[in-house]
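In each ligand, atom 1 is the first atom listed, and ligand 1 is the first ligand listed. Values in this document were obtained by computation on a predicted structure and should not be read as measured data.
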Amino acid sequence: MSGPLLEVSGLSVDIRTSEGNTFPAVEDVTLALRPGQTIGIVGESGSGKSITLRAIQGILPGAARVSGGEIRMEGKPIDPGAGHPAIAMVFQDPLNSLNPVFTIGNQIVETIRFTRRCSRGEARARAVELLGDVGLSEPARRMSAFPHQLSGGMRQRVMIALALARDPRVLLADEPTTALDVTVQDQILLLLERTQAERRLGMVMVSHDIGVIAQVADWVMVMYAGRIVESGPADRVLSDPAHPYTAGLLRAVPRMDDVGTGRGFRAIDGQPPTLATRANAGCAFQPRCPSATDACRTSQVAPTELEPGRQVACLHPEERSSRD
Ligand SMILES: Nc1ncnc2c1ncn2[C@@H]1O[C@H](COP(=O)(O)OP(=O)(O)O)[C@@H](O)[C@H]1O
Ligand SMILES: [Mg+2]
C-alpha cells in the first residue's frame with residue numbers, strides 16, 4: 001500500500017514588490033499526488049500556477065517567500081525553498097532553461113553524473129538512450145548539438161530528457177506546450193503522457209488552457225487569484241463544473257459542433273485582479289461572476305465538499321448536470 005508521493009498542504013507564498021509591499025500570490029494550496037497520477041492545475045495568467053510549482057521545486061524568484069504550509073515527499077517534510085532531488089521540472093520556455101554554451105549531450109551527461117555515481121561512458125550511453133526515448137532521431141549524433149540548433153519542439157524534448165536524467169518520481173510541467181506551434185503541442189503532450197505512464201511518475205501540469213488540462217489530467221484543480229476554487233476528478237469537473245469560473249473557462253473553449261453557428265467561444269468578461277487589487281473579503285471572482293450576490297462580496301468562501309473528493313469554494317455552485 002503506497003501513500004501519496006507528494007503532499008502539499010496549506011501552501012502560501014507572499015510576493016514583495018519593489019515598493020516594499022507584501023501580497024499573497026498563492027494561498028492555502030493543498031494537493032496529494034499518487035504515483036502514476038496526473039494533476040492538472042488550470043487558471044488564467046497571474047493566478048499563481050507557476051509560483052505554486054516553483055515553491056514545490058524550491059526555485060522561487062527572489063521576491064517570493066513561502067509564508068505557510070507544508071510540502072512532503074514520500075511522507076517526509078521537505079524544506080520549502082529547498083526542493084527535492086526526485087522532483088524535476090519542465091518549463092514553458094526551453095531556450096531559457098537550457099544552457100546556450102554547452103551541448104545538449106554535455107548538459108544531460110552532467111545531470112546524470114550529478115544524480116548517480118557512474119562513469120562518463122555510462123552516463124553518455126544513458127544520455128543517448130534518453131534522447132532516443134524522447135523521440136530525437138539519431139540521438140548519438142544529436143548529443144553534440146547546441147540548444148539554438150534545435151527547433152522549439154526538439155528543445156522541449158531535450159528538456160524532458162534533462163528532467164528524466166534526474167530519475168525523478170515527480171514531474172512538474174509548467175505550460176510545457178504553450179510556446180510551441182499547435183502541431184507540435186500535441187506531440188509533446190503525448191510524449192509527456194507516455195513518459196508519465198511508462199515510469200509511473202506523479203505529474204503536476206499547469207496550463208492556462210483547459211483543453212490541454214483535459215487531455216492529460218485525471219485530477220483537476222482550478223486556480224483563481226492565488227486560491228484553488230474547485231478540484232476533483234477530471235471527468236467530473238470538466239463535464240459538470242461546479243464553480244462559475246470553471247464553467248466560464250469551459251465555455252471559452254471552442255467546440256467542434258459550434259463552429260460556424262455563432263454559438264460557443266465566449267471568453268469570461270473582465271480581468272482577474274492583480275496582486276494589489278485582490279479583495280481581502282469575499283470571493284475574488286465575484287466582480288466577474290454572473291451568479292454573485294451580496295453575500296459573495298462580504299463572506300469568506302471556504303471550500304466545501306460536493307461529492308467525495310470533490311471540492312468547490314462558491315456560495316452558489318452551478319446546478320449539477322445542467323450545462324447548456
Ligand atoms: N518575480 C516576481 N516578482 C513579482 N511578482 C511576481 C513574480 N512572479 C510572479 N509574480 C506575481 O505573482 C502572481 C502569480 O504569478 P504566477 O504564478 O506566475 O501566475 P501564473 O503562472 O498562474 O500565470 C502574479 O500576480 C504575478 O504578477
Ligand atoms: Mg505561469
Is ligand 1 under 4.0 Å from a heavy atom in the side chain of Pro61, in the backbone, in both, or in neither? side chain
Does this structure show an ion pair linking Asp167 with Arg126, if we count only N-O contacts that are shorter than 4.0 Å? yes
Under 2.8 Å from the Mg ion (ligand 2), is there any N, O or S atom belonging to Ser45? no
Grab the two heavy atoms, one from Ser231 and one from Val237, that are nearest each other, plus how far apart they are. C-CG2, 4.0 Å
Ligand 1 to Gly46 polar contact by distance, N or O atoms, under 3.5 Å: yes
For atom 25 (O) of ligand 1, what's the nearest protein heavy-atom neighbour? Residue, atom name and distance, please. Leu275 CG, 3.3 Å
Quick one: do Arg34 and Glu7 make a salt bridge, cutoff under 4.0 Å? no
Donor on one side chain, acceptor on other, Asp174 and Ser50, under 3.5 Å: yes
Under 4.0 Å and counting heavy atoms only, is there anything from the protein next to atom 21 (O) of ligand 1? yes
Smallest heavy-atom separation, Val134 atom then Ala161 atom, equals CG1-N, 3.8 Å
Minimal heavy-atom distance between Ile112 and Ala127, with the atoms involved, is CD1-N, 3.7 Å
Would you mind checking which non-hydrogen protein atom is closest to atom 18 (O) of ligand 1, with the distance to 0.1 Å? Ser50 CB, 3.7 Å
Ile15 contact mode with ligand 1 (heavy-atom cut-off under 4.0 Å): side chain
Arg278, any N or O under 3.5 Å of ligand 1 N or O: no
Checking the N or O distance criterion of under 3.5 Å, is ligand 1 in contact with Lys49? yes
Closest candidate by heavy atom, reference atom 17 (O) of ligand 1, pool Thr17, Ile41, Leu53, Ile51: Ile51
Check this for me: does any side-chain nitrogen of one of Asp133 and Arg199 sit under 4.0 Å from a carboxylate oxygen of the other? yes
